[in-house]
There are 2 protein chains.
Amino acid sequence: MIKDNRDAVFKALGDPTRRIILDELAERSEMTLFELTTRLIMKHNLSITRQGIAKHLAVLEEAGLVQSVRRGKYRMIRFNREPLRDLLKGWLD
Amino acid sequence: MIKDNRDAVFKALGDPTRRIILDELAERSEMTLFELTTRLIMKHNLSITRQGIAKHLAVLEEAGLVQSVRRGKYRMIRFNREPLRDLLKGWLD
DNA sequence: TTGACATGCAACTAATAAGTTGCATATAAT
DNA sequence: ATTATATGCAACTTATTAGTTGCATGTCAA
């Protein structure tokens with residue numbers, strides 16, 4: 001059974017940096033924290049540290065929007081769309 | 001042409017009190033600020049002042065999620081679902 | 001026109017959240 | 001083993017925002 005924490009999901013989506021992270025994750029199946037960090041800084045011109053991004057990831061993971069596993073030296077991160085499925089139900093349709 | 005301020009929309013949805021406001025507005029076609037205030041306080045047990053709610057409404061209106069007109073003594077408020085339509089496009093479907 | 005009612009505006013406080021710095025730990029490669 | 005690489009953790013600072021108080025404005029009814 002899946003915990004429905006709409007609150008955490010909406011909060012997570014409220015930050016623009018986190019939405020860019022999801023945009024990036026939406027493009028490839030999985031990515032390391034390091035890869036993601038360089039992409040955000042280089043491609044999106046964000047001025048943020050790796051630790052800053054790690055905190056955003058913690059928020060996204062808490063909301064269930066991101067899942068991650070440690071693979072050797074790397075932390076592999078992937079987008080979980082499930083919490084988004086019926087998010088706007090009750091207001092739309 | 002409609003301005004697409006996803007940023008303001010996501011921010012607006014990030015607060016639980018504002019989501020309750022939308023829930024209430026979703027139930028009837030329009031409501032006065034006064035009506036809304038009493039509903040939030042009585043029905044939802046929120047401890048918040050009228051001014052606090054007015055500020056939330058300003059945020060929602062900025063995001064285009066709410067529209068309001070002054071009718072005589074009252075301010076009539078209604079839910080505008082339009083900004084929600086394709087909000088999750090790019091991530092879902 | 002006077003009083004009651006509904007709302008608007010602005011300054012302030014308090015809570016939350018974004019982002020940083022500094023250091024520790026774990027794995028890979030040489 | 002030792003070094004470089006990738007990440008984890010915690011305390012701190014700063015920015016943002018929720019919420020309040022106090023007063024002003026506008027409208028309706030008597």
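What you see below is based on every heavy atom in this structure, not just the backbone, and it leaves out hydrogens, waters and symmetry mates. Below, chain A is the first sequence line, B the second, and so on; all start at residue 1.
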Could you give the CG-to-P distance, from A:L57 to D:dC9, as a whole number of Å?
13 Å
Should the ring pair A:W91 and B:F79 be called parallel, tilted or perpendicular, given that the plane angle runs from 0 to 90° and is split at 30 and 60?
perpendicular
Nearest-Å distance, NZ (B:K55) to C1' (C:dT13)?
11 Å
In whole angstrom, give the distance that lies between atom CG of A:L60 and atom C1' of C:dA17.
14 Å
Restricting to side chain to side chain donor-acceptor pair (under 3.5 Å), what partner residues turn up for A:N80, sequence neighbours left out?
none
On a heavy-atom basis, which atom in A:L65 and which in A:A12 lie closest, and how many Å separate them?
CD1-CB, 4.0 Å
Is there a side-chain contact between B:L25 and B:I21, using heavy atoms and a 4.5 Å cut-off?
yes
Of all the nucleotides listed (D:dA18, D:dA6, C:dG22), which has the minimum atom distance to the side chain of A:Y74?
D:dA6
Rounded to whole Å, the CD1-C1' distance (A:I53 to C:dT21) equals 16 Å
Determine, using the 4.5 Å side-chain heavy-atom cutoff (strictly less than), whether B:V9 and B:I20 are members of one ILVMFWY cluster.
yes
Have a look at the helix from C:dT1-D:dA30 to C:dT30-D:dA1 and give the angle its two end axes make, five pairs each, rounded to 10 degrees.
30°
Contacts to DNA chain D from residues 8-23 of chain A, heavy-atom cutoff under 4.0 Å, which residues?
none
Where the side chain of A:D15 meets the backbone of A:T17, is there a donor-acceptor pair that is under 3.5 Å apart?
yes
With a 4.5 Å heavy-atom cut-off, do B:R78 and B:S68 have their side chains touching?
no
Categorize B:S47 for me: base, sugar-phosphate, or nothing, with a 4.0 angstrom heavy-atom threshold over every strand shown.
sugar-phosphate
Could you give the CD-to-P distance, from A:E61 to D:dC9, as a whole number of Å?
11 Å
Is any side-chain nitrogen or oxygen of B:T49 closer than 4.0 Å to OP1 or OP2 of D:dT20?
yes
Reckon A:R75 has a side-chain N or O less than 4.0 Å from the OP1 or OP2 of D:dA6?
no
Any luck finding a side-chain donor-acceptor pair between B:T37 and B:R50 under 3.5 Å?
no
Check: A:E62 and A:K11 side chains under 4.5 Å, non-hydrogen atoms
no
Output a table of nitrogen or oxygen pairs between the protein and nucleotides 24-30 of chain C separated by less than 3.5 Å.
none

Electrostatic pair A:K43-A:E27, nearest N-O below 4.0 angstrom:
yes
Among residues at least two apart in sequence or on other chains, which ones pass salt bridge (Lys or Arg N to Asp or Glu O under 4.0 Å) with A:R18?
none
Consider only side-chain heavy atoms of I, L, V, M, F, W and Y, link residues closer than 4.5 Å, and tell whether B:V66 and B:V59 are in one cluster.
no
Near DNA chain C, under 4.0 Å by heavy atom, which residues of residues 28-46 of chain B?
B:T32, B:L33, B:F34
Could you check if a side-chain atom of A:E35 sits within less than 4.5 angstrom of a side-chain atom of A:T32, using non-hydrogen atoms only?
yes
When you check the phosphate oxygens OP1 and OP2 of D:dT17, does a side-chain N or O of B:H56 lie under 4.0 Å from one of them?
no
